[in-house]
Amino acid sequence: MSQLETGFTNVQALDPSILVDLRYATTDNFTHHVIYDFTTAIARTGTAKKLAQASALLREQGYRLKVWDAYRPVPAQEKLYEVYPDPSFVAKPNPNFSHQKGVTFDVTLCDSDGNELEMQTPFDDFTTAAHRDHPRTAIQEKHYQILNQAMEAAGFFGYENEWWDYRDTQMDDYEPAAADPNDF
Ligand SMILES: C[C@@H](N)C(=O)N[C@H](C)C(=O)O
């Protein structure tokens, strides 16, 4: 645990070029309801630094990262799970897991102007088409590989059922913690 930085950090404080569009702060998500009251993407500091590394790798290639979700408080997870109680796409509420302890990001790839690039499905498409082993068109494959290589190089691994979900390879070393993103 000594190498981990366990506080929370606003990812845009580390790298203002990271785009943040927290979909659960809006009605533009699979529940069609506003799930939480903040628009700031925070994560555990060690995880946030990894995202900044991925962003730097992408910017070198002319791309940018967009964050659709970051730290997600347990009450928000409860709301999501109530609407879609399928653990293969929405995790059971658990303060010691993934988004709920701030060690996971839902991300996509954008061009240098911030336009989202074509991926295999939209965000939170809870079908097999979102699986990482699902066939992709050539352009989708190009974008997927660019995003995936940067995220893996920075210290994340992708969740097999959701191409957008990246978890810190050290996620299990973090204890549960909660924070109010409005404070960051
Ligand atoms: C709901 C979706 N964006 C997501 O984050 N799924 C994973 C499995 C999770 O709930 O942690």
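For the numbers below, each heavy atom of this structure counts, side chains included, while hydrogens, waters and symmetry mates do not.
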> Mind checking the CG-CG spacing from Asp168 to Asp173? Nearest 0.5 Å is all I need.
8.5 Å
> Could you check if a side-chain atom of Phe38 sits within less than 4.5 angstrom of a side-chain atom of Tyr24, using non-hydrogen atoms only?
no
> Report the distance from atom CZ of Phe184 to atom OG1 of Thr40, rounding to the nearest 0.5 Å.
9.5 Å
> Taking the six-membered ring of Phe8, is NZ or CZ of Arg44 closer than 6.0 Å to its centre and within 45° of its axis?
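Positive - Arg44 is close enough to the ring of Phe8 and near enough to its axis.
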> Quick one: pull up CG in Asp183 and CG in Asn10 and give me the separation to the nearest 0.5 Å.
11.5 Å
> Same hydrophobic cluster for Leu109 and Met151, using side-chain heavy-atom links shorter than 4.5 Å among ILVMFWY?
yes
> With Thr31 as reference, evaluate Thr27, Ile35, Val34 under the side chain to side chain contact (heavy atoms under 4.5 Å, CB included) test and give the passing residue.
Ile35
> Does Leu51 belong to the same Ile/Leu/Val/Met/Phe/Trp/Tyr cluster as Phe157, with side-chain heavy atoms less than 4.5 Å apart forming each link?
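In one cluster with Leu51: Phe157, no.
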> The test is side-chain hydrogen bond (donor to acceptor under 3.5 Å, both in side chains); show your working for Tyr84 and Asp86 and say whether it passes.
CA-CA 6 Å; Tyr84 204 87; Asp86 175 352; 4.5 Å; no
> So which heavy atom on Leu57 is nearest to which on Gln61, and how close?
O-NE2, 3.0 Å
> For Leu147, run the side chain to side chain contact (heavy atoms under 4.5 Å, CB included) check against Lys142, Met119, Glu152 and tell me which one passes.
Met119
> Against Phe123, only a single residue in Phe89, Trp163, Trp68 fulfils ring pair (Phe, Tyr, Trp, His ring centres under 6.0 Å); can you say which?
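Exactly one pass, corresponding to Trp68.
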> Indicate if Leu19 and Leu14 have the same hydrophobic cluster label, given that clusters are the connected sets of ILVMFWY residues with side-chain heavy-atom separations under 4.5 angstrom.
no
> Got Gln12 and Val67 here, is their nearest side-chain heavy-atom distance under 4.5 Å?
no
> Got a sec: does the NZ of Lys79 have more than 12 other heavy atoms crowding it under 6.0 Å?
yes
> Using the rule that Ile, Leu, Val, Met, Phe, Trp and Tyr join whenever any side-chain heavy atoms are under 4.5 Å apart, tell me whether Phe97 and Val103 fall into a single cluster.
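Linked within one cluster.
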> Rounded to the nearest 0.5 Å, what separation is found between the CD atom of Glu118 and the CD atom of Gln120?
10.5 Å
> Less than 6.0 angstrom from the centroid, inside 45 degrees of the normal: does Arg132 satisfy that with respect to the ring of Tyr166?
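Satisfied, under 6.0 Å and within 45°.
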> Say you draw a straight line from NZ of Lys101 to CG of Asp172; how long is it, rounded to the nearest 0.5 Å?
6.0 Å
> Report the C-alpha separation of Thr6 and Glu175 in whole Å, then their side-chain angles, then the decisive distance to 0.1 Å, and conclude whether the side-chain contact (heavy atoms from CB on, under 4.5 Å) test is met.
CA-CA 8 Å; Thr6 60; Glu175 299 291 333; over 6 Å; no
> Are any of the side-chain heavy atoms of Arg64 and Leu58 separated by less than 4.5 Å?
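In short, these two side chains do not touch, never coming nearer than 4.5 Å.
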> Given the rule in the side-chain hydrogen bond (donor to acceptor under 3.5 Å, both in side chains) test, do Asn94 and Tyr81 qualify, once you have shown the distances and angles that lead to the verdict?
CA-CA 11 Å; Asn94 174 356; Tyr81 194 74; over 6 Å; no
> Group every Ile, Leu, Val, Met, Phe, Trp and Tyr by side-chain heavy-atom contacts under 4.5 Å, then state whether Leu80 and Phe126 land in the same group.
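Yes, one cluster joins them.
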> If every non-hydrogen atom of Tyr159 is compared with every non-hydrogen atom of Ser88, which pair is closest and at what distance?
OH-O, 2.7 Å
> Which atom names give the shortest non-hydrogen contact between Leu22 and Thr26, and what distance separates them?
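Closest approach of Leu22 to Thr26, heavy atoms only: O-CG2, 3.8 Å.
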> Taking atom NZ of Lys92 and atom CD of Gln77, what is their separation to the nearest 0.5 Å?
12.0 Å
> I need the minimum non-hydrogen distance between Ile146 and Tyr63, along with the two atoms involved.
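Reported closest heavy-atom pair: CD1-OH, 3.5 Å.
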> Ignoring hydrogens, what is the shortest heavy-atom contact between Thr104 and Ser98? Give both atom names and the distance.
OG1-OG, 2.7 Å
> Taking the six-membered ring of Tyr144 as reference, does the cationic atom of Arg136 (NZ for Lys, CZ for Arg) lie under 6.0 Å from its centre and within 45° of its axis?
yes
> Within a strict 4.5 Å, meaning less than it, do heavy atoms of the Trp164 and Thr108 side chains meet?
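Sidechains of Thr108 and Trp164: no contact.
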> Side-chain contact test, heavy atoms from C-beta onward, threshold under 4.5 Å: evaluate it for Phe105 versus Leu65 and give yes or no.
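No, side chains not in contact.
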> Check this for me, if you would: do Asp15 and Arg59 make a salt bridge, where the nitrogen-to-carboxylate-oxygen distance has to be below 4.0 angstrom?
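The answer is yes: the pair qualifies as a salt bridge.
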> Do Asp165 and His99 have side-chain heavy atoms sitting under 4.5 Å apart?
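Yes - at least one pair of side-chain heavy atoms lies under 4.5 Å apart.
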> Flag yes if more than 12 heavy atoms outside Glu78 fall under 6.0 Å of its CD atom; otherwise flag no.
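Buried by this count: over 12 neighbours within 6.0 Å.
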> Identify the two heavy atoms, one from Val11 and one from Val20, that lie closest to each other, and give their separation to 0.1 Å.
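Closest approach of Val11 to Val20: CG2-CG2, 4.3 Å.
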> Tell me, with the steps shown, if His32 and Val83 meet side-chain contact (heavy atoms from CB on, under 4.5 Å).
CA-CA 10 Å; His32 307 296; Val83 173; over 6 Å; no
